[in-house]
**Student:** 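Could you have a look at this structure, given as structure tokens, before my questions?
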Amino acid sequence: MKKLYVAAAFLIVSIALCVYEQYTVNTSYKEATIIINSAIENVEKEDYDGATENCKKLNEYWTERQKYMAPIIDHGALDDASMTINNLEDLAKNESDSLADELITAKNQVKAIYENQKITFGNVF
């Protein structure tokens, strides 16, 4: 009977970790996308001060969320997105022409993380 309790406990822990992972990745994706879209709008309006503020906000948010996502998702994809996001603030401060492209790259990298972590038949097996 003890084996059944241990198995049930492992099952509960596994389900809780899966729910936590999905919630963390989903909320991180949504919030990061909102901030990136705001920064893209600022760049289109040539408001580089607003873009700098949004890039700083994104970097702080991503740094905070990264410590929760690192144990549960692929480090390669997470590191690529983190490096891109870390460079955005400097590009915005320098009013770089490549800022819009880098924002789109960051948005795509965050979306790739989200897509790779969704519960699908292919991701489970």
Side-chain angles (χ1 to χ4, degrees):
M1 195 65 169
K2 289 182 182 180
K3 291 180 182 179
L4 183 62
Y5 292 136
V6 171
F10 278 125
L11 184 61
I12 290 170
V13 169
S14 297
I15 290 171
L17 285 173
C18 288
V19 169
Y20 173 74
E21 177 216 13
Q22 291 299 302
Y23 174 77
T24 301
V25 171
N26 191 23
T27 56
S28 299
Y29 166 71
K30 286 180 180 178
E31 185 66 27
T33 302
I34 289 169
I35 297 170
I36 291 170
N37 286 338
S38 296
I40 290 172
E41 289 175 10
N42 291 129
V43 172
E44 289 173 353
K45 294 176 185 176
E46 296 184 10
D47 176 16
Y48 287 99
D49 291 333
T52 302
E53 187 62 35
N54 279 319
C55 290
K56 181 179 180 181
K57 180 179 174 183
L58 176 64
N59 190 22
E60 291 170 355
Y61 177 77
W62 192 258
T63 301
E64 177 66 26
R65 300 305 289 180
Q66 185 178 5
K67 64 184 173 187
Y68 299 111
M69 292 189 296
I72 55 178
I73 65 174
D74 176 38
H75 290 281
L78 187 61
D79 290 342
D80 288 343
S82 296
M83 283 192 300
T84 303
I85 290 170
N86 286 335
N87 293 329
L88 292 175
E89 188 176 356
D90 289 334
L91 292 173
K93 284 180 182 176
N94 296 327
E95 299 181 9
S96 175
D97 293 336
S98 64
L99 177 59
D101 293 334
E102 288 298 313
L103 284 166
I104 292 170
T105 300
K107 186 176 178 179
N108 290 335
Q109 288 172 334
V110 171
K111 185 175 182 179
I113 291 171
Y114 171 72
E115 292 293 327
N116 289 336
Q117 296 306 120
K118 281 196 318 190
I119 295 178
T120 62
F121 188 73
N123 285 345
V124 173
F125 298 103

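Heavy atoms only: backbone and side chains are in, while hydrogens, waters and symmetry mates are out. For the single chain, residues carry numbers from 1 onward in sequence order.
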**Student:** Would V43 and L103 count as a side-chain contact (heavy atoms from CB on, under 4.5 Å) here? Give the steps.
**Tutor:** CA-CA 10 Å; V43 172; L103 284 166; 3.9 Å; yes
**Student:** Got a second to check how far K107's NZ is from L58's CG, nearest 0.5 Å?
**Tutor:**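 Separation between the atoms: 12.0 Å.
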**Student:** Do Y114 and S28 make a side-chain contact, defined as non-hydrogen atoms from C-beta onward lying under 4.5 Å apart?
**Tutor:**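 They are not in side-chain contact.
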**Student:** Compare all side-chain heavy atoms of M69 with those of L78 and state whether any distance is below 4.5 angstrom.
**Tutor:**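 The answer is yes; the side chains approach within 4.5 Å.
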**Student:** Which residue, H75, Q66, Q109, forms the side chain to side chain donor-acceptor pair (under 3.5 Å) with S82?
**Tutor:**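 The option that passes is Q66.
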**Student:** Calculate, to the nearest 0.5 Å, the distance between atoms CD1 and CD1 belonging to I36 and I85 respectively.
**Tutor:**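 Separation between the atoms: 5.5 Å.
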**Student:** Carefully, step by step, assess N42 and N54 under the rule side chain to side chain donor-acceptor pair (under 3.5 Å).
**Tutor:** CA-CA 9 Å; N42 291 129; N54 279 319; 2.5 Å; yes
**Student:** Quick check for you: to the nearest 0.5 Å, what is the distance between Y48 atom OH and E46 atom CD?
**Tutor:**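 CD of E46 is found 5.5 Å from OH of Y48.
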**Student:** Rounded to the nearest 0.5 Å, what separation is found between the CG atom of N59 and the CD1 atom of I35?
**Tutor:**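 Separation between the atoms: 10.5 Å.
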**Student:** For the residue pair Y68 and Y20, does the interplanar ring angle fall in the parallel (under 30°), tilted (30 to 60°) or perpendicular (over 60°) class?
**Tutor:**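 Y68 and Y20: perpendicular rings.
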**Student:** Is there a salt bridge (charged side-chain N to carboxylate O under 4.0 Å, His left out) between K93 and E89? Walk through the geometry before answering.
**Tutor:** CA-CA 6 Å; K93 284 180 182 176; E89 188 176 356; 3.6 Å; yes
**Student:** Do you reckon I34 sits in the same ILVMFWY cluster as I113, going by side-chain contacts under 4.5 Å, direct or chained?
**Tutor:**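 No, it is not one cluster - the side chains of I34 and I113 are not joined through contacts under 4.5 Å.
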**Student:** Using every non-hydrogen atom in the two residues, find where A32 and Y61 come nearest and quote the distance to one decimal.
**Tutor:**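 Answer, listing the atom of A32 first, then Y61: N-CE2, 4.2 Å.
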**Student:** Tell me, do C55 and D90 make a side-chain contact under 4.5 Å, heavy atoms counted?
**Tutor:**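 The answer is no, as the side chains (C-beta and beyond) never meet within the 4.5 Å cut-off.
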**Student:** Between the main-chain N or O of Q117 and the side-chain N or O of Q22, is there a donor-acceptor pair closer than 3.5 Å?
**Tutor:**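 Looks like yes, one N/O pair under 3.5 Å.
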**Student:** Look up atom OH in Y29 and atom CD in E115, then write down how far apart they are to the nearest 0.5 Å.
**Tutor:**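 Going from the OH atom of Y29 to the CD atom of E115 covers 7.0 Å.
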**Student:** How many angstroms lie between CG in D101 and CG in L91, if you round to the nearest 0.5 Å?
**Tutor:**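 Here the interatomic distance stands at 10.0 Å.
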